[in-house]
Every structure is written in structure tokens, then in C-alpha cells.
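Right, one structure below, let's go through it.
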Amino acid sequence: AKKAASNAIIAPNFKFEEMGIGGLDEEFGAIFRRAFASRVFPPALVEKLGIQHVKGILLHGPPGTGKTLIARQIGKMLNAREPKIVNGPEILNKYVGASEENVRKLFADAEKEYKEKGDESGLHIIIFDELDAIFKQRGSTNSGTGVGDSVVNQLLSKMDGIDQLNNILVIGMTNRMDMIDEALLRPGRLEVHMEISLPDEHGRFQILRIHTAKMRTNNVMDTDVDLAELAAMMKNYSGAEIEGFVKSATSFAFNRHVKVGTMAGISEDVDKLRVNRGDFFKALD
Ligand code: ATP
């Protein structure tokens, strides 16, 4: 029994589909082992082993593949406080000087709590979506003091400051890994990197199952709709696109007071959707 318990820590038996995440079992397991296993160890053991918790991770890959979904789920699993989510453009949109202040504020609650409660304080997760936007702005003004520069410097110094704190985890997300400055990816900063790619056929099947679960249990979807067949048709579709597809099929049916699609109707919709896809995905077709 002892062995089983320790295995459970290293490779917990997550029910990803119940969590609403399809096709990312391997990625999730790997992130957990590499970045979070130590967070569920008893604190005394962490101390004994001299383990440094991972302070930051970077999730990268195409849009709509579930990066935010994973980041939120990680927070829940680690019993963290409600994550603070900010996106790059949002930070930069504020006038110069206020941007660093925004970054500083993000960390303030966690820092305050750590001062008061030390290792007893709750885990604070700070999520930077579209992290690349900050770097795009770097050095973009002639003086070399672009807003991006100072925000990046502020972020770096905050990340370094976390060394003294055990209650902060930063999760960066980007579709443009190539834009992210090496300096941010070093050990002690966003040190664990995980690519979240487009789902394969089985992943698409799981995602379809997740987003049609209610319709199927409530019997509002024709039984001839074959999710496996749809998954095969939806090559290179992201999770968000699959969700969007299910939603539009639903409202179509709702407006006509009919069940959600027959297989023939739905297949036709898949083809229509393909035409309207964004440039990123068009390039893959
Ligand atoms: P972006 O890079 O555009 O921020 P992202 O990778 O963070 O995208 P999410 O915001 O997590 O993508 O995905 C958008 C929505 O699409 C999710 O809320 C979810 O409903 C659906 N979705 C995406 N990927 C998956 C998945 N793997 N399983 C289930 N649903 C998914």
C-alpha cells in the first residue's frame, strides 16, 4: 500500500475528461511530474530533500489548445487561490510607468501573505497570457526605453524575488515561443517549458465528448452522430474550434427546435467551418 501511495504522488490518476480537458493527458502528467510533484510532498520532506519548488512554467503552442484550461486546473489541483490572469496587451495598454506598477501589484497580495504566514500561506498563481506581446514592444521606441523593456525587467526582478517565497507560481503562455527572451526562461524563472500542440484524432474525440456530454445525456443529440467519425474529419482543429463548432451546431438546432444535427448535416457544417478558419489554421490545411 505504501508503494501505491508514493506512485500516486508521482503519477496521480487524474480524470482529465471529468476536468473538461481532452487529449492532453501526457502533457498534463509531464508538467505535473516536472513542476508540481514537490508541491504535494509534505513540507517536512521537501525541506529534508532540499528541493526548490519550481517557480514558473511556460506553456506554448497554437491558440485555443487548452493552455488556459490547464493553468486553471493546475491551480485547482494545488488548492491555490483563484489565479490572477493578465494578458500582455492589457498590461501594456496602460500608460507608461503604470505598466511596471501593474506587474508589481500582481505579486503584492502573495508577498504580503508570505510575510505574515510564511510557508503556511496559500499558493498564489499568476498567469501571463500572450506573454509575447510584452516582448514585441521591447526596444520599440527610439530611446530604447519602450514600455516592454521596463515591464520585462520588472517581471524578471519579480521572478528572482520569488526565490525567497514559496507561495507563488507564475505560468506564462504564448503562441510565439520564439519571441520570448532567453533571460525569462532560465532556471529559477519560467524554467519548465511544455508544448501544448493541436489534439490528435483521439484527443479530438475526447474534446468532442466533453463538449457534447450534456446534449448526449439530455438526449438532444441524434444518436446517429458519430463523434469518432467527426474527430477524424476535424484534422488540425484546435480544442477551441471544436468547442465553437459544437456551440454553433447547438444554436442552429435550438433555433429550429430540432435535435442537434444529423450526421449528414453536421459533416456539412464541419466543411463550412473550415472555410472560415483563421490564418494560422488555414496554413495547416
Ligand atoms: P490562447 O493561446 O488563444 O489563449 P489557449 O491555449 O489558452 O488559447 P484555452 O483558452 O484554454 O486555449 O481554450 C479555449 C476554450 O476551448 C477552452 O475554454 C475550452 O472550452 C476549449 N478547449 C481548448 N482546448 C481544449 C481541450 N484540450 N479540451 C477541452 N476543451 C478545450
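The first residue of the sequence shown is numbered 1, and numbering continues consecutively from there. Both counts, for ligands and for their atoms, begin at 1 and track the order of listing.
Heavy-atom neighbours of E47 CD from other residues, nucleotides or ligands within 6.0 Å: at or below the threshold of 12.
With respect to K247 and E243, a salt bridge is recorded, a charged nitrogen being found less than 4.0 Å from a carboxylate O. With respect to K235 and E201, no salt bridge is recorded, no charged nitrogen being found less than 4.0 Å from a carboxylate O. A salt bridge links K112 with E116: the distance from a Lys NZ or Arg NE/NH1/NH2 to an Asp or Glu carboxylate oxygen falls below 4.0 Å. The residues K158 and E111 are annotated as salt-bridged, a charged nitrogen and a carboxylate oxygen being separated by less than 4.0 angstrom. Taking the charged nitrogens against the carboxylate oxygens, E191 and R186 have no contact shorter than 4.0 Å, which rules out a salt bridge.
The 4.0 Å heavy-atom shell around ligand 1 contains residues G20, I21, G22, L24, P63, G64, T65, G66, K67, T68, L69, D129, N175, I207, H211, G239, A240, E243, ordered by chain and number.
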